[in-house]
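The structure appears right after this line, and notes come after that.
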Amino acid sequence: MAIRTLSAAAGVSLAAITVVLAAAPAMAQDGAAAQDQAQAAQAAADGQEQGIVVTGFRAALATAVNVKKTSPVIVESVSAEDIGRLPDASIGESIARLPGLTTQRLFGRANSIAIRGSSADLSTTTLNGRPQTSTGEQRNVEFDQFPSEIVSRVDVYKTPQANLVHQGLVGTVDIKTIRPLDFGKSLLSFGGRGTYADLGKVNKDSNEFGYRATATYVGQFMEDRLGVALSAAYTDEPYQAQEFEAWGYADGPNSTKIIGGMKPFGVSTQLKRLGIQGTVQFKPVDELTLTVDGFYGNFKDKQIKRGIEFPLAWSGAQLSPTGIETNGNLISKGTFSGVEAVVNNHGYERNSDIFSGGFNAAWQGEDGWSASFDFGYSKTDRNELSLETNAGTGPGAGVGATDTLTFVSGPTGTSFTSHVLDYGNYNTIVLTDPLGWGGGAPKGSQEGYYNDRIIDDEIKSFQVEVGKELEDGFLSKITVGTAYVDRTKAKTPEEYFLNLAGGAKSLVVPDKYRTGATDLSFIGAGPIIGYDPFKLLEDGVYVKTLNASKDVPAKAYSVTERVMSIYLKSDLKATLGDVELDGNIGVLAQNTEQKSRGFVNLAAASLVPVTRGARYWDILPSLNLNFRIPGDWVVRFAAAREIQRPRFEDMKVSLDYSYNVNSGVITGNGGNPQLRPYRAWAADLNIEKYFGRKGYIGLQMFYKKLDNYIFKDVVPYDYTGLPIVAPVPITNFVGTINTAVNGSGGKLYGVELAGTLPFEVFTPSLEGFGFTGGLGYTKTSIKPGPNANSMDLPDYSRWVASGTLFFEKAGFNARVSARHRSSFQGIFVGFGGERELRRALKETIVDAQIGYDFKESSPLNGLSLFLQGQNLTDEPFVSVDNGAPLQIRNYQTYGRRFMAGFNYKF
């Protein structure tokens, strides 16, 4: 399914900490800008304006403001308040608070980021400027893989420049880790927190309490020529959810719609995540800095889903003609008899090992020449096991006892006001194949299914750059460079039927595997039996039978992508009366070679291995102009050619096809290895007013003309040379295929209002209070086909908003944050496993934090205590059928989460 802030420690000024982080080199900033940024942040730390030292969250905001103010491109930034602490559980939750950004939730966690209301598929993520592999099947990085404690700052570039070679169409997210020599101080800190999920134990064998622990060390040696930084974070936390999902809505009597089937679940997830980050910097001479850094993440996500599938209108169940009520054209109340339900105890286990690291050599000569070399390597190994097991009242359709259910369909989905069967009785509900779904399996039944999807993702990259500063001219620096990226992503499925040992067709769950009942009272079904499906398989109660169907290997694919880049960038600097002008102009040229390997699958023939691909050029000019006007105004204009590479799933060569006897046409489904990227001409205009180094307000406007976008369509396809099985000789091999294709004629435009405002800029009596946030409005449309109506891009929200109201003074800190996303057309996995579009409804997430930092005069100097609450309004995730707001397809609640913890710093 594609949908869904650190208090300071006294003793060392937090502003001084974030100062050095802000001065760290960044690929998208030139040396002059970085130096200006460091000076501005240092001034904030030294309190030159007010004669005071600003620390904590306020210092982090000041750093972010100065990053934005001095940057040559349009950027949003979030900084750690202290080493080892960000305000959220993952990087994704922190980024989602930036203006124009929001998040998609996965079982309550911030999983992926949407920039300017658009899909995560339209942005790119880097770590220290290097491209990253992902734990999912697509390109977009899942941000819950990065513990917030190992990150010093995150920058989101909304406009590109020529040496930002790993750019995205709507933005580029760069996650930065600490550089010990730039940090400039020695530090040892550690912290911990406990977590509590107020839904409690949705499943009795789950947990409601968890914990997190973190530690950071920074040291400098050899007269500050050698620096070492190490960070580690470990998480062991539960997430709980109650979930309703409809199969869909069937045609009912008198032109009505009625629930076709449903599957409510109680979902318990245990997340165990280890993140380790290390950096070594060495300066053998003043002009040369050598940096080696690495990140390792181990991510284990084990989930139990227990629920019931109720086949209703789409089954042999009978709808009683009496007691029917309607709401519009939807039957909102009625009674089904003869319902044969399937009790599910499903287990899901995702294991990921992530490594990312590299080597950087940066030389800065006294004569204005500079050079750098950067090598990066990123690799992810992931397997995602889906273990599904079934239970019911008897083996096969029409064998076991049936139920009579009175249902009510409303704004939270469908629930029951009465039912007959006791789904929590282990003697009534037994392990079996209740509806005979596995009739075609090798052993004639399917008591469960084992599906393991193995993902291997590897990236090797390098970038070489040479620059020369110029004097007394409009061009202040010339930079040339080249970069290369070699990426391969592969998917390998392993699938088995699960049968009961000894050929048994049903079995009462043995006592030692019973975990107690899971309560489904939230949909009126009462308790259901619970057991451990992993243990049943491990101990041989279930046995695996290989699914030898060619459909399984036909799902496998491998996509290789090699991108060679060359670029030229000129930094600009001039004085126009009282106005200071800076920025850059440049061009990035990229040659892409893409190949996909997979199988062509025809049911009545052998698998055919196929390799196909494409090669093409993109020429990407860019211009960034910043007019710095007296009165602390900055007007920015940017124009660029932008691209975003396709989803890997859409690029796969795999193809399933068949001959349609009735129409005489060959039809198929598959990927398109010749896809071109999303491409757009873009323009941005920003008007920003700064209040010294404390805050700003800004109006941001943007427009993107999409020359090329990607959508699914049925198009002609030539099957010549492929095996065709048909009752008559084939003379026309041109059929159709449902695949991803390139379209043209779209647009994406909008406006954002953003700002960071300490209230002391209005009156000194409000010192310590402030606000940061933004409101964005985006409009988009594409026309998928010459005769099709215009439609929104998938996963796009028209309105996104975020805001944090904060107070920080005399050691006390408190803040309340909210983020809002309007409804959007999301991509979901349908009942039959196909992708389908549904309307996800608007949501607003509210979080809060309070804390206290002990000051220098206290014997507890260096200790910070805090209490956090997340999702305080228990906001659900809801989706409906397009054009049918009463037809609820998903309704998920995650509960509130509370965290209490400490940080201690030497």
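Start at 1 with the first residue, then count along the sequence.
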(Q) Test your reading of the model: is there a side-chain donor-acceptor pair from Ser797 to the backbone of Trp799, 3.5 Å cut-off? (A) no
Q: Consider only side-chain N and O atoms of Gln868 and Arg193, and report whether a donor and an acceptor are under 3.5 Å apart.
A: yes
Q.
Can you confirm if the NZ or CZ of Lys544 lies within 45° of the ring axis of Tyr450 and under 6.0 Å from the centre of its six-membered ring?
A. yes
**Q.** Ion pair Asp205/Arg306, N-O distance below 4.0 Å
**A.** yes
Q | Ring center gap for Phe648 and Tyr557 short of 6.0 angstrom | A | no
Q: Dump the intermediate steps for salt bridge (charged side-chain N to carboxylate O under 4.0 Å, His left out) on Glu495 and Lys555, then the final yes or no.
A: CA-CA 11 Å; Glu495 299 185 22; Lys555 298 174 185 177; 2.8 Å; yes
Q.
Less than 4.0 angstrom from a charged side-chain N to a carboxylate O is my criterion; do Lys505 and Glu447 meet it?
A. no
(Q) Applying side-chain hydrogen bond (donor to acceptor under 3.5 Å, both in side chains) as the test, list every pair that has at least one member in residues 521-532; sequence neighbours left out. (A) Thr389-Tyr531, Asp519-Ser521
Q: Give a yes-or-no answer on whether the side chains of Asn601 and Lys550 include a donor-acceptor pair shorter than 3.5 Å.
A: yes
Q. Judged by modelled atom types alone, do Asp433 and Asn390 share a side-chain donor-acceptor pair under 3.5 Å?
A. no
Q) Taking 4.0 angstrom as the limit, do Arg839 and Asp881 come out as a salt bridge? A) no
Q: Say whether Arg647 and Asn140, considering side chains only, have a donor N or O and an acceptor N or O under 3.5 Å apart.
A: no
Q: Just say parallel, tilted or perpendicular for the rings of Tyr348 and His346, cut-offs at 30° and 60°.
A: perpendicular
(Q) Testing the 3.5 Å rule here: is there a donor-acceptor pair between the side chains of Ser268 and Gln303? (A) no
Q. Salt bridge between Arg821 and Glu843, side-chain N to carboxylate O under 4.0 Å?
A. no
Q) Does Arg889 count as lying over the ring of Tyr249, i.e. NZ or CZ under 6.0 Å from the six-ring centre, within 45 degrees of the axis? A) no
Q | Asp847 and Arg819 ion-paired at < 4.0 Å | A | yes
Q: Salt-bridge test for Glu237 and Arg273: reply yes if a basic N is under 4.0 Å from a carboxylate O, no otherwise.
A: no
Q. Aromatic ring centroids of Tyr891 and Phe244 under 6.0 Å?
A. no
Q: Would you verify whether the NZ or CZ of Lys305 falls within 45 degrees of the ring axis of Phe265 while also being under 6.0 Å from that six-membered ring's centre?
A: yes
Q: Begin from the C-alpha positions of Glu384 and Arg350 and carry the test salt bridge (charged side-chain N to carboxylate O under 4.0 Å, His left out) through to its verdict.
A: CA-CA 4 Å; Glu384 186 168 349; Arg350 184 176 66 164; 5.2 Å; no
